[in-house]
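Okay, so here's the structure we're looking at.
Positions are given from 1 along the sequence. Atoms within each ligand, like the ligands themselves, are counted from 1 in listed order.
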Amino acid sequence: MSQKQLTRILPSASTHWVGDGFPVRTLVSIARDAVQASPFLMLDYAGPHRFAPSDAPRGVGMHPHRGFETVTIVYQGEVAHRDTAGNSGVIGPGDVQWMTAGAGVLHEEFHSQAFTARGGVLEMAQLWVNLPARDKRRAPAYQAVVSGQIPAIVLDGGSGGVRVIAGDYAGVQGPALTRTAMNVWDLTLHADRSTAFVLPDGWTAMLVVLRGAIEVGGRRIDALQTAHFSRSGTTIDILAQADSQALLLSGAPLDEAIAHYGPFVMNTRQELLEAVAAFERGDFQTPAV
Ligand code: MN
């Protein structure tokens, strides 16, 4: 089997607050990375951050999305979601929300009321997954994937584990339904252990290191860095240099034009103008069909 070659190691592109609830670092950036990262668009990581107890809701109020999917993965704390397609839910450590914005939805993202009241450490990631042109106008959808539904595979040799959120690992299927072929693997890796990950030839692959440090091909990828790999090749051999948490994201590239403006990701500038007009008309207030 041939190696997927490590092509770039990129630092976080920006650090900013999303609303008053999510101090994020952008580890995969639409502006910088979306073409190479396809079908993935963006990954924001709200690194471990301690919040004091409060009565005031923290987060970001109703805002629109169209043309892609938001995937929220919680490691610590609790996040509450509510949208105009009628979906809502609270997710905690290990849980995932997979929201398909499709034709358009408004949603709010806050810390849960209980977590806000007691305070504590929040740690989560939000991944944006592009939709192919044929699916950008589909009805919004929402998948609540709780931790117990996510297969947790123990790696050989005490190397750690893989949680299969989407796609498959060694024939074990993840629960999230995706519109195009991809794997979203949540890795917990133990120091000084190595693992060979096998992926389809021709797929995009990125290793996003959230905590710890991981070596690939003699190069060290530190926490808050993302390694991009060649699409050709089938194997990535990694060595954890410390106890690490990472996301290994892989998928069939869409190879379609990307037009992005704020919370809208379409194929053309004209479609972005339509999205803005639809939002301003209030089209996203009611469930799209
Ligand atoms: Mn959002």
inquiry  = Count I, L, V, M, F, W, Y as connected when their side-chain heavy atoms are under 4.5 Å apart, and connections chain through other members. Are Val129 and Leu247 then in the same cluster?
reply    =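 Yes, Val129 connects to Leu247 through the hydrophobic network.
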
Which residues share a ring-ring contact (aromatic ring centres under 6.0 Å, His included) with Tyr142, sequence neighbours left out =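 If we apply the ring-ring contact (aromatic ring centres under 6.0 Å, His included) test to Tyr142, skipping adjacent residues, the hits are His81.
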
key: Non-neighbouring partners of Tyr75 that pass ring-ring contact (aromatic ring centres under 6.0 Å, His included), sequence neighbours left out   =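 So Tyr75 forms no ring-ring contact (aromatic ring centres under 6.0 Å, His included) with any residue.
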
If only protein N, O or S atoms under 2.8 Å count, total around the Mn ion (ligand 1) =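 With waters ignored, the protein N/O/S count below 2.8 Å is 4.
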
task = Hey, can you tell me if Trp185 and Tyr169 have their rings parallel, tilted or perpendicular (30° and 60° cut-offs)?
result =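 Rings of Trp185 and Tyr169: perpendicular, as their planes differ by over 60°.
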
task = Check the angle between the aromatic planes of Phe264 and Phe284 and answer parallel, tilted or perpendicular using the 30° and 60° thresholds.
result =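 Taking Phe284 first and then Phe264, their aromatic rings stand perpendicular (interplane angle over 60°).
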
Side-chain donor-acceptor pairs under 3.5 Å in residues 248-261, sequence neighbours left out?
residue, atom, partner, partner atom, Å
Ser250, OG, Asn183, ND2, 3.4
Glu256, OE1, Ala133, N, 2.8
His260, NE2, Gly262, O, 2.9

